[in-house]
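Inspection log for the structure reproduced underneath, given as C-alpha cells.
All values reported here derive from a predicted model rather than from experimental measurement.
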Amino acid sequence: MPNILLLGGTMEASAMARRLADRGLAATLSYMGRVERPKPQPIPVRIGGFSGVPGLVQYLTDHRITHVIDATHPFAAQMSSNAVAACTQTQTPLIALTRPAWQPGPGDDWQRVPDMAAAVAALAGPPRRIMLAIGRMHLAEFAAQPQHHYLLRLVDAPTETPPLPHHTVTIDRGPFSAEADQALMRAHAIDLIVAKNAGGTGSVSKLQAARALNLPVLMIDRPHLPQRHETHDPEEVLRFVSP
Ligand code: NAP
C-alpha cells in the first residue's frame, strides 16, 4: 500500500490532502511551519524542515515512504531541489503538483525580471508607492531602494520592524478578491505592484486589480528547478500514487 509524503504549504497542497483522505490513501502532509495557525487538515501533519537532503533521505527511509508529492510553492526552490535529490537517492517516485504561471493578457502592463535581485535593481529611480506582494522573507533586500513607500501584505504580523524607512503593513492571508485589492490599492495610492509569478487563483486578485486600475506590475519569474515529473492536474497525481 502507498505511504505518501505530501510537501505542502499551498492551497493546492491542502486540496490534495483532502483528495488523498477521500481516497483513503495513507499520507502525511509536511509544512515548513513558518506561518502561525496553520489550517486544520484531514491527514496527519508533520511540521518543520528535514535538515536538508540527508535529513529528507533519512525521513523517507525511516517512514517507509513510497511516493512523494511536491505541492510546495513555485518559489520554494530549496525544498523542491532537495526533494528531487533525496528521491533520486532513495529511488522514491516523485511527482510535482504545480500551477501554471500567470501570463500577461490585454490591459496588463508587466515588466518581467528573472529574480528578486533584479526586481530590487529595477526600482532605482524617484520615490513611488509600491505594493510589495512577495511575502516577508525578502523584504530586507528592498532596503537598497529606501526612497519608496512600500505597502506590505503579510500573513502574520512581523516580529521585527521591516528595514524599510517608509512602509505600511497589512495583515491578511487571503484568498483575496479583486474588488478588495482595488480598494486597498486606491486607499494607499499605489502606483506599482511587485509580485512573484506564483500562478493559481489564491493571489491573482492583485493582478486583476492592477489591470482594472491601469497600474504597472513588476513580475518576478519563477526560479529554475531540476528536471522532474511535473503536472498541473491533481487527478494525474492521484493516478501516480494509487496502487
Ligand atoms: P525553500 O526556500 O524552498 O525551503 C527552505 C527550507 O524550508 C527547506 O530547505 C526545508 O528545510 C524547509 N521546507 C520548505 N518547505 C517545506 C515543507 N513543505 N516541509 C518541510 N520543510 C520544508 O522554501 P520557502 O520558500 O521557505 O517555503 C517554505 C514553505 O512555505 C513551503 O512549503 C512553501 O510551499 C510555502 N510557501 C512559500 C512561498 C514562497 O513564496 N516561497 C509562498 C507561500 C507558501 P530543510 O532544508 O531543513 O529540510
Side-chain angles (χ1 to χ4, degrees), residues 1-101 135-137 154-156 172-176 196 198-204 222-223 225-226 228-243:
M1 282 301 284
N3 184 28
I4 301 157
L5 175 64
L6 171 61
L7 301 171
T10 57
M11 274 171 46
E12 289 75 9
S14 298
M16 193 71 229
R18 176 82 264 160
R19 282 168 182 264
L20 295 171
D22 290 347
R23 292 281 176 107
L25 291 164
T28 303
L29 174 58
S30 173
Y31 281 126
M32 178 57 192
R34 215 170 257 149
V35 168
E36 294 164 24
R37 297 169 280 110
K39 283 183 292 185
Q41 295 288 348
I43 59 174
V45 168
R46 70 163 292 284
I47 294 179
F50 296 95
S51 302
V53 177
L56 184 53
V57 166
Q58 188 80 49
Y59 183 92
L60 297 178
T61 314
D62 289 353
H63 293 81
R64 301 175 190 276
I65 297 298
T66 59
H67 300 78
V68 175
I69 304 170
D70 180 358
T72 58
H73 192 270
F75 280 76
Q78 188 66 54
M79 187 69 246
S80 292
S81 309
N82 290 358
V84 170
C87 288
T88 305
Q89 271 187 46
T90 54
Q91 299 187 348
T92 310
L94 165 73
I95 190 164
L97 175 64
T98 61
R99 41 209 197 192
R136 70 175 150 177
M137 281 165 52
L154 303 171
V155 175
D156 297 311
D172 200 339
R173 79 182 319 167
F176 309 101
K196 300 193 286 197
T201 55
S203 63
V204 75
R222 295 176 173 195
L225 290 171
R228 59 193 181 151
H229 181 170
E230 183 173 346
T231 179
H232 303 321
D233 178 8
E235 287 299 323
E236 186 180 338
V237 176
L238 283 181
R239 286 194 294 275
F240 184 84
V241 298
S242 293

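- One finds no salt bridge joining Asp156 and Arg173 here, because no Lys/Arg side-chain nitrogen approaches an Asp/Glu carboxylate oxygen to under 4.0 Å.
- Heavy-atom neighbours of Gln91 CD from other residues, nucleotides or ligands within 6.0 Å: at or below the threshold of 12.
- Distance check: Glu12 CD to Thr72 OG1 gives 10.5 Å after rounding to the nearest 0.5 Å.
- In this structure, Thr88 and Val84 approach most closely via the heavy-atom pair OG1-O, 2.6 Å.
- Minimum heavy-atom separation, Ala17 to Gln41: CB-OE1, 3.9 Å.
- In terms of heavy atoms, Pro93 sits closest to Thr66 at CD-O, 3.1 Å.
- In summary, of the residues considered (Thr28, Leu25, Val237, Leu29), a side-chain contact (heavy atoms from CB on, under 4.5 Å) with Leu20 occurs for Leu25 alone.
- Minimum interatomic distance between Leu97 and Met16 (heavy atoms only, all atoms of both residues): CD2-SD, 3.8 Å.
- By the salt bridge (Lys or Arg N to Asp or Glu O under 4.0 Å) test, Arg222 is found to be paired with no residue, residues two or more places apart in sequence or in another chain being considered.
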Item checked: Val68 vs Ile4, side-chain contact (heavy atoms from CB on, under 4.5 Å): CA-CA, chis, key distance, verdict -> CA-CA 6 Å; Val68 175; Ile4 301 157; over 6 Å; no
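- Remark: Gln78 CD to Leu225 CG distance equals 10.5 Å, nearest 0.5 Å.
- Checked by atom type, the side-chain pair Ser80/Asp70 shows a donor-acceptor distance below 3.5 Å.
- For the atom pair CG of Leu94 and CD1 of Ile65, the computed distance is 12.5 Å after rounding to the nearest 0.5 Å.
- Applying the ring-ring contact (aromatic ring centres under 6.0 Å, His included) rule to Phe50 yields the partners Tyr59; only residues at least two apart in sequence or on another chain are considered.
- The line from CD of Gln58 to NE2 of His63 is 10.0 Å long, rounded to the nearest 0.5 Å.
- When side chains are defined from C-beta on, Arg228 does not count as touching Ile95, because their heavy atoms never get closer than 4.5 Å.
- Side chains of Leu6 and Ser30 form no contact here, defined as non-hydrogen atoms less than 4.5 Å apart.
- At a cut-off of 3.5 Å, with distance as the only test, a side-chain donor of Thr98 or His232 sits close to an acceptor on the other residue.
- The two residues Ala13 and Leu7 make their nearest non-hydrogen contact at CB-O, 4.3 Å.
- Looking at every heavy atom in both residues, Met32 comes nearest to Gly49 through SD-N, 4.0 Å.
- With sequence neighbours excluded, the residues satisfying ring-ring contact (aromatic ring centres under 6.0 Å, His included) with Phe75 are His73.
- Side-chain contact between Leu5 and His67: absent, with no pair of heavy atoms (C-beta onward) separated by less than 4.5 Å.
- Side-chain N or O atoms of Arg46 include one that pairs as donor or acceptor with a backbone N or O of Gly48 at under 3.5 Å.
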